[in-house]
Amino acid sequence: MKIFNSLTKKKETFIPRVHKKIDLYVCGMTVYDDIHIGHARTFINFDAIIKFLRFAGWEVNYIRNITDIDDKIIEAAREAKISALDLSRKYINEMHKDFDSLGMMRPNKEPKVSDHINEIIEMIKTLENKGYAYSKEDSDVYFDVIKFKEYGKLSNRTLNQIESAERIDIDLNKNHEADFVLWKKDTLGITWPSPWGQGRPGWHIECSAMSMKYLGEEFDIHGGGLDLKFPHHENEIAQSRCATNKNFASYWMHTGPLRIFEKKMSKSLKNFLTVKDVLKNFHPEVLRLFFLLTHYRSPISYSEEGLRKAKIILDKLYNLFENEKVIDRFSKDKTFIDNFFSSMEDDFNTPKAIQLIQNYAQSINQKGEINIEKLSNLKMILNSLGLLEDHPNNYFKYGSIDFLVDEIENFINERAEARKNKNFKLADKIRDDLLEKGILLEDLDGKTIWKKIS
RNA sequence: GGCUGAGUGGCAGAGUGGUCAUGCGGCGGACUGCAAAUCCGUUCACGCCGGUUCAAUUCCGACCUCAGCCUCCA
């Protein structure tokens with residue numbers, strides 16, 4: 001299996017630390033608002049990758065943190081006039097709802113910063129003892145980047161480059177522009193006592209402390225959105241390696257950004273759509289397929305048109321299973337499965353994998369007869385990416401409709417009667433009227449079914 | 001300004017030194033009372049300029065354009 005390692009900027013053969021086991025840490029959410037589909041992109045990518053890996057026989061220990069202490073959370077809480085932890089609790093709940101409705105697996109552990117203050121303090125103490133941390137008078141505690149020779153390796157920049165970049169505000173307490181806060185001294189908001197006084201952890205340190213607690217000082221893969229590469233991941237590497245003299249994560253994986261109108265979708269640009277917005281009109285698997293149709297490292301431009309196209313593809317796949325039962329075992333067509341595996345094992349080439357799936361689906365349709373074994377293969381492969389988990393019946397009726405189900409059934413019966421009497425004018429009118437309301441009727445094997453269109 | 005990635009047919013998006021991506025859409029058929037679904041056929045391509053090569057969309061160099069990071073960001 002090959003994985004593109006951001007650290008070496010090369011596609012490398014993946015060598016696990018322990019045979020057939022993968023320890024994986026993905027940087028999760030900072031919870032102060034509803035998640036948007038840019039966030040969803042990253043976590044759906046990893047969800048599909050992990051589902052595939054497990055399907056392929058890997059034992060994946062998946063850790064994804066929740067950052068529940070942070071300036072933005074504290075600020076949002078102040079505005080909402082509730083405590084920071086109450087606010088983050090609320091949005092953790094919303095996040096779980098959204099992730100669940102997107103069909104994502106829960107990680108094996110989902111550690112929160114507020115539960116790991118001791119580990120964080122211990123780590124800062126270690127760094128301080130080893131001479132990597134400093135503070136001046138009443139300043140925050142900083143990491144001394146000059147002391148870490150490899151600083152900048154991941155994000156491919158030198159300390160000189162960082163220093164020469166334009167800055168809005170310069171912190172005079174820092175030795176170097178790139179030095180970052182390990183412990184933020186503060187008495188407002190939510191704080192904890194520490195050897196450096198009352199305060200809270202800086203950003204970055206939590207991921208080092210928590211990943212090491214659950215996966216050890218060295219583990220296989222560390223992932224996250226591309227926008228975390230610098231400074232977040234760079235800083236994680238610096239503090240972790242300095243604290244332990246170990247390598248920390250072996251492989252770094254970064255997902256590409258989601259764009260909208262040629263710009264990255266982000267909170268600060270206010271150009272985002274929430275998961276809840278999109279799921280009003282589109283089945284969660286449509287969004288998932290939309291993402292998987294592009295390689296995980298490439299940017300994706302969001303558009304409704306794109307979602308509709310993904311839906312057309314998914315519709316075709318669900319159509320195959322409309323009336324069929326599926327036996328749960330592999331059978332023939334080793335070629336299809338082998339090809340699927342080679343695509344996925346080549347840095348998780350989901351677009352290619354889906355192409356194979358589409359071809360395979362077509363080959364089933366070509367025969368014009370039910371092939372349970374092929375359908376089983378297809379379903380199993382789709383499931384390994386988190387697709388086709390719904391019943392076709394639910395899938396095709398997803399979204400809000402203007403009618404009660406019984407009403408639609410009545411229209412269908414009325415139309416059937418009209419057709420029997422060769423009153424096609426009335427029959428077609430009923431069908432057209434429903435179509436206008438987003439209900440599509442299909443005559444299949446003498447039976448009429450309905451689908452919601454979007 | 002520095003660093004990184006990308007530019008493929010109407011659209012989305014893989015891949016490759018010389019044969020086809022694929023899907024959607026369009027067009028023409030089959031099927032259907034008509035549709036839908038499905039099938040068959042068909043159309044449309046590799047940013048620009050040089051170089052290497054018997055051969056380049058694929059390798060090399062310049063250029064143009066776009067995006068990301070350099071500040072919080074999945």
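Nothing here was measured: the structure is a model prediction, and the numbers come from that model.
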Spacing of the [atom1] atoms in [M] and [N] (rounded, Å):
| N | M | atom1 | value |
| --- | --- | --- | --- |
| B:G25 | B:C64 | C1' | 30 Å |
| B:U19 | B:A12 | P | 27 Å |
| B:G23 | B:C39 | P | 9 Å |
| B:A6 | B:U38 | C1' | 38 Å |
| B:A37 | B:U32 | C1' | 11 Å |
| B:G10 | B:C48 | P | 13 Å |
| B:G26 | B:C11 | P | 15 Å |
| B:A56 | B:C46 | P | 14 Å |

So [X], base contact, sugar-phosphate only, or nothing? Heavy-atom distance under 4.0 Å.
| X | value |
| --- | --- |
| A:Ser266 | base |
| A:Lys267 | nothing |
| A:Asp227 | base |
| A:Leu356 | nothing |
| A:Gly38 | base |

### Query
If you take all heavy atoms of A:His204 and A:Glu236, which pair is closest and at what distance?
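Smallest interatomic distance, heavy atoms only, reads O-CG, 3.8 Å.
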
### Task
Check A:Asn271 against A:Ser266 and note the closest heavy-atom contact, atom names and distance.
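Nearest pair, atom of A:Asn271 first, then A:Ser266: OD1-N, 2.8 Å.
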
Within 45° cone of [Y] ring axis and under 6.0 Å: [X] NZ or CZ:
| X | Y | result |
| --- | --- | --- |
| A:Lys267 | A:Tyr32 | yes |
| A:Arg106 | A:Phe99 | no |
| A:Arg157 | A:Phe230 | yes |

### Message
With rounding to the nearest 0.5 angstrom, report the CG to CG distance, A:Asn371 to A:Leu320.
### Response
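Answer rounded to 0.5 Å: 10.5 Å.
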
### Query
Residues in salt bridge (charged side-chain N to carboxylate O under 4.0 Å, His left out) with A:Arg41, at least two apart?
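With sequence neighbours excluded, A:Arg41 shows a salt bridge (charged side-chain N to carboxylate O under 4.0 Å, His left out) to no residue whatsoever.
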
### Query
Of A:Arg297 and A:Gly225, whose nearest nucleotide on RNA chain B comes first from the 5' end?
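The residue mapped nearer the 5' terminus is A:Arg297.
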
### Query
Which residue, A:Ile37 or A:Glu262, contacts RNA chain B at a nucleotide closer to its 5' end, judged by nearest heavy atom?
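It is A:Glu262, whose closest nucleotide lies nearer the 5' terminus.
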
### Message
I'd like to know if the side chain of A:Asn423 reaches the main chain of A:Leu426, judged simply by a donor and an acceptor atom lying under 3.5 Å from each other, with no hydrogens or angles considered.
### Response
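Side chain of A:Asn423 to backbone of A:Leu426, a donor-acceptor pair under 3.5 Å: yes, one is there.
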
To the nearest Å, give me how far apart [atom1] ([X]) and [atom2] ([N]) are.
| X | N | atom1 | atom2 | value |
| --- | --- | --- | --- | --- |
| A:Lys264 | B:C72 | NZ | C1' | 9 Å |
| A:Ile162 | B:G1 | CD1 | P | 20 Å |
| A:Lys263 | B:A6 | NZ | P | 19 Å |
| A:Asn319 | B:C39 | CG | P | 10 Å |
| A:Leu435 | B:A36 | CG | C1' | 9 Å |
| A:Ile260 | B:A67 | CD1 | P | 15 Å |
| A:His295 | B:A6 | NE2 | C1' | 13 Å |
| A:Asp33 | B:C72 | CG | P | 19 Å |

### Task
Not counting sequence neighbours, which residues clear side chain to side chain donor-acceptor pair (under 3.5 Å) with A:Lys437? List them please.
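Listed in chain order: nothing, the list is empty.
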
Can you tell which of [options] lies closest to the side chain of [X]?
| X | options | result |
| --- | --- | --- |
| A:Asn365 | B:U38, B:G13, B:A36 | B:U38 |
| A:Thr42 | B:A14, B:U38, B:A74 | B:A74 |
| A:Leu444 | B:A36, B:A74, B:C72 | B:A36 |
| A:Arg157 | B:C69, B:C3, B:A74 | B:C69 |
| A:Leu228 | B:G13, B:A74, B:C66 | B:A74 |

Can you find a side chain N or O atom of [X] that sits less than 4.0 Å from OP1 or OP2 on [N]?
| X | N | value |
| --- | --- | --- |
| A:Gln161 | B:C70 | no |
| A:Asn156 | B:U4 | yes |
| A:Thr255 | B:A74 | no |
| A:Asn349 | B:G15 | yes |

### Task
Dump the intermediate steps for side-chain hydrogen bond (donor to acceptor under 3.5 Å, both in side chains) on A:Asp347 and A:Tyr296, then the final yes or no.
CA-CA 9 Å; A:Asp347 196 29; A:Tyr296 78 89; 2.6 Å; yes

### Query
What would the secondary structure line of RNA chain B be in dot-bracket form, counting Watson-Crick and G-U wobble pairs under 3.5 Å, with [ ] for pairs that cross earlier ones and | for pairs with another strand?
(((((((..(((.....[...))).(((((.......)))))....(.(((..]....))).))))))))....

### Query
Which parts of nucleotides 20-34 of chain B does protein reach within less than 4.0 Å, heavy atoms only, written one letter per nucleotide 5' to 3' as B for base, S for sugar-phosphate only and - for none?
-BSBB--------BB

### Message
Under the salt bridge (Lys or Arg N to Asp or Glu O under 4.0 Å) definition, can you give me all pairs with a residue in residues 278-287 of chain A, not counting sequence neighbours?
### Response
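Qualifying pairs, neighbours excluded: A:Asp277-A:Lys280.
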
### Task
Go through the N and O atoms of the side chain of A:Lys72 and the base of B:C72, and report whether any donor-acceptor pair is under 3.5 Å.
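Answer is yes: a donor-acceptor pair is held.
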
Give the table of side-chain donor-acceptor pairs shorter than 3.5 Å for residues 3-12 of chain A, with sequence neighbours excluded, one pair per line with atom names and distance.
unit_1, atom_1, unit_2, atom_2, d
A:Asn5, OD1, A:Leu7, N, 3.0
A:Asn5, OD1, A:Trp252, N, 2.9
A:Asn5, ND2, A:Glu12, OE1, 3.2
A:Asn5, ND2, A:Ser250, O, 3.1
A:Ser6, OG, A:Trp252, O, 3.2
A:Ser6, OG, A:His254, ND1, 2.8
A:Thr8, OG1, A:Asn5, O, 3.4
A:Thr8, OG1, A:Glu12, OE2, 2.4
A:Lys9, NZ, A:Lys153, O, 3.1
A:Lys9, NZ, A:Leu154, O, 3.3
A:Lys11, NZ, A:Asp346, OD1, 2.8

